[in-house]
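Values below: every heavy atom of this structure, side chains too, minus hydrogens, waters and symmetry copies. Computed from a predicted structure; not experimentally measured. Throughout, protein chains are lettered first and strands after them, A, B, ... in sequence-line order, and every chain is numbered starting at 1.
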4 protein chains.
Amino acid sequence: MNLTHPFFDADGDKLREECGIFGVIGAKDAASITALGLHALQHRGQEACGIVSVDGADFYARRGIGHVAQVFSGPAMFAELPGTMASGHVRYSTTGGQGLRNVQPLHADLARGAFSIAHNGNISNAMALKRELVNKGSIFQSTSDTEVIIHLIATSRYPTLLDKFVDALRMVEGAYSLICTTPKRMVACRDPLGIRPLVMGKMGDATIFASETVALDVIGADFVREVEPGEIVEVRIDGRVTSHRPFGNHAARPCIFEHVYFSRPDSVTGDRSIYEVRKQIGVELAKETPVEADLVIPVPDSGVPAAIGYAQQSGIPFELGIIRSHYVGRTFIQPEDGARHADVKRKHNANRALVAGKRIVLIDDSIVRGTTSLKIVQMMRDAGAAEVHMRVASPPTNNSCFYGVDTPERSKLLAARMDIQGMAEFIHADSLAFVSIDGLYRAVGEAKRDAAKPSYCDACFTGDYPTRLTDLIEKESPDQLSLAVDELT
Amino acid sequence: MNLTHPFFDADGDKLREECGIFGVIGAKDAASITALGLHALQHRGQEACGIVSVDGADFYARRGIGHVAQVFSGPAMFAELPGTMASGHVRYSTTGGQGLRNVQPLHADLARGAFSIAHNGNISNAMALKRELVNKGSIFQSTSDTEVIIHLIATSRYPTLLDKFVDALRMVEGAYSLICTTPKRMVACRDPLGIRPLVMGKMGDATIFASETVALDVIGADFVREVEPGEIVEVRIDGRVTSHRPFGNHAARPCIFEHVYFSRPDSVTGDRSIYEVRKQIGVELAKETPVEADLVIPVPDSGVPAAIGYAQQSGIPFELGIIRSHYVGRTFIQPEDGARHADVKRKHNANRALVAGKRIVLIDDSIVRGTTSLKIVQMMRDAGAAEVHMRVASPPTNNSCFYGVDTPERSKLLAARMDIQGMAEFIHADSLAFVSIDGLYRAVGEAKRDAAKPSYCDACFTGDYPTRLTDLIEKESPDQLSLAVDELT
Amino acid sequence: MNLTHPFFDADGDKLREECGIFGVIGAKDAASITALGLHALQHRGQEACGIVSVDGADFYARRGIGHVAQVFSGPAMFAELPGTMASGHVRYSTTGGQGLRNVQPLHADLARGAFSIAHNGNISNAMALKRELVNKGSIFQSTSDTEVIIHLIATSRYPTLLDKFVDALRMVEGAYSLICTTPKRMVACRDPLGIRPLVMGKMGDATIFASETVALDVIGADFVREVEPGEIVEVRIDGRVTSHRPFGNHAARPCIFEHVYFSRPDSVTGDRSIYEVRKQIGVELAKETPVEADLVIPVPDSGVPAAIGYAQQSGIPFELGIIRSHYVGRTFIQPEDGARHADVKRKHNANRALVAGKRIVLIDDSIVRGTTSLKIVQMMRDAGAAEVHMRVASPPTNNSCFYGVDTPERSKLLAARMDIQGMAEFIHADSLAFVSIDGLYRAVGEAKRDAAKPSYCDACFTGDYPTRLTDLIEKESPDQLSLAVDELT
Amino acid sequence: MNLTHPFFDADGDKLREECGIFGVIGAKDAASITALGLHALQHRGQEACGIVSVDGADFYARRGIGHVAQVFSGPAMFAELPGTMASGHVRYSTTGGQGLRNVQPLHADLARGAFSIAHNGNISNAMALKRELVNKGSIFQSTSDTEVIIHLIATSRYPTLLDKFVDALRMVEGAYSLICTTPKRMVACRDPLGIRPLVMGKMGDATIFASETVALDVIGADFVREVEPGEIVEVRIDGRVTSHRPFGNHAARPCIFEHVYFSRPDSVTGDRSIYEVRKQIGVELAKETPVEADLVIPVPDSGVPAAIGYAQQSGIPFELGIIRSHYVGRTFIQPEDGARHADVKRKHNANRALVAGKRIVLIDDSIVRGTTSLKIVQMMRDAGAAEVHMRVASPPTNNSCFYGVDTPERSKLLAARMDIQGMAEFIHADSLAFVSIDGLYRAVGEAKRDAAKPSYCDACFTGDYPTRLTDLIEKESPDQLSLAVDELT
């Protein structure tokens with residue numbers, strides 16, 4: 001069953017993880033292992049990808065628009081990526097149409113040698129830092145906030161590359177998991193709150209870093225541990241591993257939405273699989289907001305585990321009332337007449353014979369703008385459903401993310417615009433309920449959310465942002481900071 | 001849930017439908033409706049597709065290698081396919097590497113005017129007919145057996161195009177569903193046994209033909225009826241419909257494998273959905289070969305409906321023990337070391353936390369060569385499953401198909417090489433069972449298979465072929481039929 | 001010095017040869033020899049090219065849009081064209097936008113075996129023959145008149161391929177030089193009047209056919225003789241050569257415009273080079289229409305040899321008063337303002353310092369529509385020329401060609417619209433003169449044109465067409481011959 | 001007649017100008033005017049080109065591999081390059097295979113605003129400057145020495161962009177003609193010795209800069225004057241022109257090889273055309289080294305003007321004894337046997353009928369490695385020439401250029417390896433002579449070369465380099481300057 005999120009979401013009705021990263025050091029075929037690892041992380045970024053390999057001296061790169069299996073598709077390609085170290089990146093849309101320039105890993109030649117960097121996250125003071133760097137003579141080639149880190153390293157006065165790296169990260173605020181490669185070392189690190197994930201694995205003598213454990217499974221590596229919040233792990237080409245903690249200790253605040261939607265169900269965090277957590281959210285949901293119905297129907301594919309949980313808890317049979325097509329492309333053309341609702345039917349089709357005359361519980365993972373929910377509920381009614389009850393496996397999403405997730409602006413979020421009753425009416429459901437924030441924390445294994453010291457970043461549900469948001473503050477208070485215009489006199 | 005079969009099956013371990021066809025007459029935007037319809041039939045042929053439109057006088061064509069959403073992807077494209085009639089085709093690999101030449105619909109300019117033709121099926125005397133036509137001066141441009149029909153029409157002595165068409169089909173043996181377009185008419189027909197499917201729908205004034213009902217759903221059309229075995233339906237551009245039956249009456253023998261695997265679960269034949277039939281096969285399987293176990297796990301995605309049926313009948317919980325990735329491409333490259341079994345893991349990954357220590361029933365739709373089953377069973381064992389019992393939702397596949405389905409030669413079919421016990425050992429399962437042929441007939445609504453007069457073509461399970469197989473017989477008894485070689489004297 | 005005609009003539013102000021052909025049998029690397037030969041014939045057709053090779057059994061083909069050096073550009077390409085026989089074709093625009101379908105050599109699989117054919121010329125009853133063939137069931141794939149010959153061969157009742165070939169050519173009227181390949185033979189032939197050229201050469205054991213001798217030079221082969229008008233030369237793969245003359249004897253009428261413009265100056269016909277003939281035309285022109293002037297200036301590049309002849313005969317110095325750029329592409333974009341006459345200047349630029357204040361004689365090879373002459377004369381005046389006298393190295397072109405040369409329709413030919421005085425005024429020249437038809441015949445070595453029995457086809461100058469023009473006659477007397485439209489009843 | 005140098009010179013037997021530049025400010029359609037201007041400069045760089053346009057605020061760029069007419073070929077393309085200012089660049093091979101990264105104009109966003117830069121020349125201390133910049137934190141994106149100038153500007157402490165620009169150029173040594181664009185200004189400048197050319201023109205209100213006058217001709221602009229050595233010309237968007245001379249006065253040393261080979265014959269420097277100079281070199285050559293012969297034959301195309309001069313001075317007839325093909329591509333494939341010398345014949349073919357039995361004088365513009373001369377002399381002998389005397393329209397080329405011309409290293413230059421007698425034997429000529437250095441200076445209008453104060457850079461003939469060559473000196477005395485390698489500790 002496909003529980004990864006497969007397609008560009010044309011409705012903009014899902015939140016989108018912006019990146020996945022992977023690195024390996026000490027392995028023959030490092031580049032093809034990286035391709036395989038990125039492939040397993042494809043759900044984290046489907047629009048572009050890149051791999052940089054290193055042979056102990058030189059760097060080799062290939063970046064492209066498209067899926068990993070398209071961009072990296074032949075032995076010749078890997079022959080051009082030699083070396084026992086490689087790192088890679090998958091990403092969503094290269095904002096600003098700059099095409100390949102923004103596709104990572106980024107690479108730079110510095111005085112102390114070359115290095116490359118792959119980044120998952122978002123730097124919340126990138127604009128402010130960029131302004132300063134440009135004023136001192138740095139020339140930017142991309143619009144990626146990752147390039148800010150590179151220029152901070154290049155202009156740092158510290159003597160060694162590791163010191164420069166730490167110096168650069170001290171200036172940075174926000175969320176970042178990074179994999180950095182030099183000719184003889186790989187350095188992986190995670191921001192002090194550990195907002196974005198990063199795990200470490202082992203396969204023979206090789207060390208691996210990846211956004212999720214599923215990338216370890218797919219290449220056949222063993223999970224070692226998570227890279228800890230604020231930790232810098234340095235791996236030498238001879239296999240020696242050193243851990244640095246230059247930023248002191250902070251309580252971790254990993255992103256809770258990874259459990260709800262981003263991560264693959266077969267990934268593991270802590271000691272439980274994402275699949276289990278999602279099924280458990282379904283169980284909590286069934287306990288919190290039961291309903292009398294004939295069938296539990298998942299909105300495919302991300303609603304499936306919660307639907308199984310809901311069905312097992314409630315005793316209502318789990319059935320496939322909606323069939324999802326594999327073949328949805330993003331640029332598909334619509335006939336102008338005749339074929340009403342063709343766009344949603346192209347992706348989802350009702351299993352009419354099953355649904356007709358039945359009371360159904362629809363299970364989805366989240367509601368963002370509400371546009372898809374509206375269409376799905378209507379499709380069920382058109383197929384003859386007697387009642388349609390919607391149950392959502394996350395609390396209402398009513399705040400934007402500034403940590404590397406592409407969220408619509410707040411005013412477009414359905415939950416920011418109306419209350420639950422209004423939402424139910426908007427999507428034409430007979431009833432609508434969301435799991436509570438405490439229910440969600442129970443599903444991940446806590447008693448409830450500790451408001452004073454929450455264990456996760458849950459800002460999208462609560463508005464409780466764990467870092468300062470410099471660029472946002474400046475943008476909302478525009479002042480004399482505009483870039484000086486060209487004056488040649 | 002994605003129950004369509006999404007990817008090229010690298011193991012060659014599924015049978016593959018070779019084509020899907022679609023036609024519409026009397027609709028504005030006929031070409032884009034056709035693209036949408038073909039898109040819904042994409043699972044029937046994923047390697048190439050084509051659309052021919054007609055504006056009452058001229059023909060416009062576009063054909064390409066790739067999915068419908070890739071080949072037909074912009075408004076400009078449809079502007080080049082004007083007219084109120086269009087027909088289209090999706091297909092598997094263009095055998096012989098002839099590239100676009102074999103991509104349908106094929107088109108020809110005859111003395112009586114131009115026409116195009118889209119074909120699903122296989123002509124079992126194509127080689128013999130081609131030899132004769134070439135001897136009389138016909139020049140073939142493709143290796144497609146469909147071109148045989150075109151030359152038979154071109155050289156027929158009958159006066160009208162319809163008469164020529166009937167004259168041509170009389171010479172043809174095998175399976176065919178055809179959609180033929182002339183400047184002012186659309187003609188759809190099905191071979192006398194109705195081996196391959198073809199349905200007829202209505203949307204406003206427009207008439208639609210398609211391989212499966214799901215294509216009607218997706219465009220928003222209503223199902224009217226199946227085109228009957230041996231029937232030729234002629235639709236004029238003004239909407240008038242005429243039915244011709246030049247071949248007399250035969251008992252129908254539609255392909256039963258459409259129920260098992262080819263058709264989309266949301267398609268309907270007779271009055272039941274394919275999903276229901278498949279769930280019912282799971283029910284029959286649970287009755288015929290029960291097993292004590294902790295979890296019922298489908299081999300995704302085609303095993304899901306039968307697994308739900310098996311779980312509901314047996315009371316054993318349905319769980320997702322295998323996670324399937326959306327992103328498998330066919331040319332993906334494998335690291336040469338380290339990553340053992342990466343190919344199967346790239347597609348399927350075990351949900352370890354769930355499976356470990358459990359007795360599981362694996363449900364798959366069929367076993368062809370057995371290579372995938374072997375890997376999946378091993379993956380379950382590697383993930384810690386205590387026992388692995390395989391249950392298969394079709395009888396043993398031990399004969400090749402000559403009616404438009406790509407089957408390995410007989411000697412490669414696992415069920416033709418060994419008995420069930422041998423197969424169980426081959427795939428390392430603790431037990432293995434197939435649904436019986438009578439169980440399968442029960443699932444489609446009959447009491448059992450009537451050996452004297454079976455209601456379906458089930459030759460792949462029984463070897464009982466409903467037509468003569470001329471080319472096969474000639475091939476197996478080679479004689480003096482070889483093509484004359486070039487002798488210029 | 002580049003005396004080949006290099007670019008697409010955007011003004012349509014040159015006649016264009018429509019094709020060049022080349023074949024070799026008995027040579028290792030036959031395909032790459034063919035590419036080299038076609039390259040030397042590139043001036044005869046610059047828009048598309050193709051090569052078919054044969055390895056004694058199978059045919060291998062590659063065709064493409066573009067120059068030979070673009071379409072055939074790597075060793076891998078030639079590895080896919082194995083065998084000791086190959087034939088090739090260069091051509092102008094594939095009329096009708098049918099793209100690659102019309103690119104030759106064409107290929108067909110007949111009952112007697114496969115063959116390919118490359119054609120230079122034009123069949124003047126192609127439409128009439130095609131109509132008949134279609135009525136009998138032939139299906140055409142291209143709009144090329146060459147395909148008519150193929151279908152005539154395919155449907156011939158004669159037993160051997162050579163007999164079929166002769167049978168087909170008997171029905172054909174017009175101009176053709178053909179190179180035909182079967183698995184074991186190469187057959188070259190020329191129409192009974194020998195309108196289009198074809199020569200035969202030898203290199204070791206290999207036999208070569210080509211449109212011009214320059215192709216023999218470039219590959220290092222020796223010239224043997226011309227293929228004679230009406231001759232069919234058959235070469236077996238073992239090297240045996242047989243000559244057939246099935247059409248009796250006719251007086252030859254080769255195209256005289258080959259001397260004026262089409263052929264490369266380094267090609268040889270009879271025993272003199274084209275360069276010599278063209279220089280001699282300049283000499284005749286200087287004798288017939290002398291003028292007092294300071295400089296003889298060629299319109300580059302095709303006017304150069306005649307200008308040298310004119311300068312040597314008149315004693316007026318030869319100078320480069322117009323510089324031609326190498327880099328004119330056809331799709332180049334023009335600024336909308338500012339740059340007046342940019343299009344002609346892009347190709348030709350005046351050598352101002354040389355021309356200013358001088359009386360000049362401009363020498364060009366021919367005037368077709370007059371548009372280029374008009375611009376060139378004006379350019380000389382803008383550069384300060386005191387007087388501009390135009391001398392043309394061919395008689396006035398006032399009839400269309402129907403033998404394989406792309407001519408504007410008659411009403412567009414300047415010489416068909418006005419007399420010489422009118423033409424002089426149209427192009428703003430101080431004087432204008434053309435070589436006389438007898439002067440042209442003197443330059444090719446005859447005393448004068450024998451009106452009763454001319455030795456060349458000179459229809460473009462005289463209107464004296466040496467064959468019947470069936471299609472033209474039918475087109476000008478349209479009758480009930482229109483193709484029957486589609487009627488399905 | 002094509003006197004521009006048309007093709008990649010596969011033998012490496014010509015020196016190659018590395019760039020041409022063009023800019024226009026104050027014109028509607030600035031980008032398409034720039035394309036036309038670059039097209040006229042195509043002979044200065046045929047491998048890649050780029051245009052940047054500015055609309056008073058934003059920059060728009062397009063760069064590509066290939067000829068101008070290929071890279072800029074449709075109205076849509078120019079619609080994407082709006083604005084009344086544009087600059088462009090044509091270049092030879094992007095050294096280092098960095099593809100598009102090195103294609104100019106380069107662009108950068110600095111603190112004081114964005115600008116772009118197009119450069120013709122070579123900076124002879126680029127490596128040294130780059131090392132320093134990287135040590136201070138600059139990150140280079142290309143291997144182009146032009147980027148050094150950009151980083152010098154970006155890191156300059158001066159307040160205005162013009163001051164930064166002057167500050168940067170003060171640090172630079174070598175040859176440069178630059179066209180720099182800011183949102184509201186265009187700045188053109190030439191190095192203090194004026195080694196590389198740059199002219200200024202006017203068309204209505206628009207100001208134009210270009211490498212040669214031919215670009216002005218082609219767009220219909222008037223020549224105003226040369227940009228003077230060491231001058232910075234600043235043009236505001238309102239048309240005001242200001243000249244700056246921050247580097248004091250130097251005696252000019254323009255490249256004399258522009259007259260011999262690089263420039264187009266229809267370009268003008270001083271008050272004489274390049275064509276006249278070249279003809280005059282032929283005259284000097286005939287005076288210095290006469291020979292008894294029957295024909296003067298140019299090596300096409302660059303030898304033509306000198307051959308006309310030689311013929312006029314000597315009275316020996318000028319004839320086209322070698323025909324050059326237009327269609328030579330660089331990747332053309334050679335048959336492995338049979339076709340001896342096919343590569344040279346593909347480009348040049350002997351006019352046998354003319355040459356046989358004659359004593360000929362061959363005129364070429366220069367001899368670099370001697371490989372082409374060797375083949376051409378042999379071709380003349382194979383065609384039956386009785387005697388072959390080679391005369392060369394430049395002095396022996398025996399030193400490398402470090403100012404923007406691609407020269408083989410010194411050890412590959414024929415004239416650096418042997419004396420004239422040795423060279424004559426090497427190329428198998430009956431006699432060989434070069435014009436003297438004083439003869440060359442006479443042809444450009446001086447009495448003779450003033451060794452104390454030569455008026456031109458003639459280092460390729462004399463070894464007298466007019467600037468310091470820092471990078472060369474460092475390379476030849478390698479010391480501890482190597483880049484620090486990556487050390488992360």
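- Taking both residues in full, the closest heavy atoms of B/Tyr275 and A/Leu320 are given as OH-N, 3.0 Å, listed atom of the first, atom of the second, then distance.
- To the nearest 0.5 Å, atom OG1 of residue B/Thr213 and atom CG of residue A/Asn349 are 8.5 Å apart.
- Closest heavy-atom contact between A/Asn351 and B/Ser273: OD1-OG, 3.8 Å.
- Rounding to the nearest 0.5 Å gives a distance of 11.5 Å between CG of B/Asp382 and CG of A/Asp217.
- Summarising the geometry of A/Phe318 relative to B/Gln312, their closest heavy-atom pair is O-NE2, 3.7 Å, with the distance given to 0.1 Å.
- We find the CG-CD1 distance between B/Asp266 and A/Ile323 to be 5.0 Å, quoted to the nearest 0.5 Å.
- Comparing A/Lys279, A/Glu276, A/Met77 by heavy-atom pairs within less than 4.5 Å of chain B, the highest count is held by A/Lys279.
- Within the 4.5 angstrom heavy-atom criterion, no atom of A/Ala31 approaches chain B.
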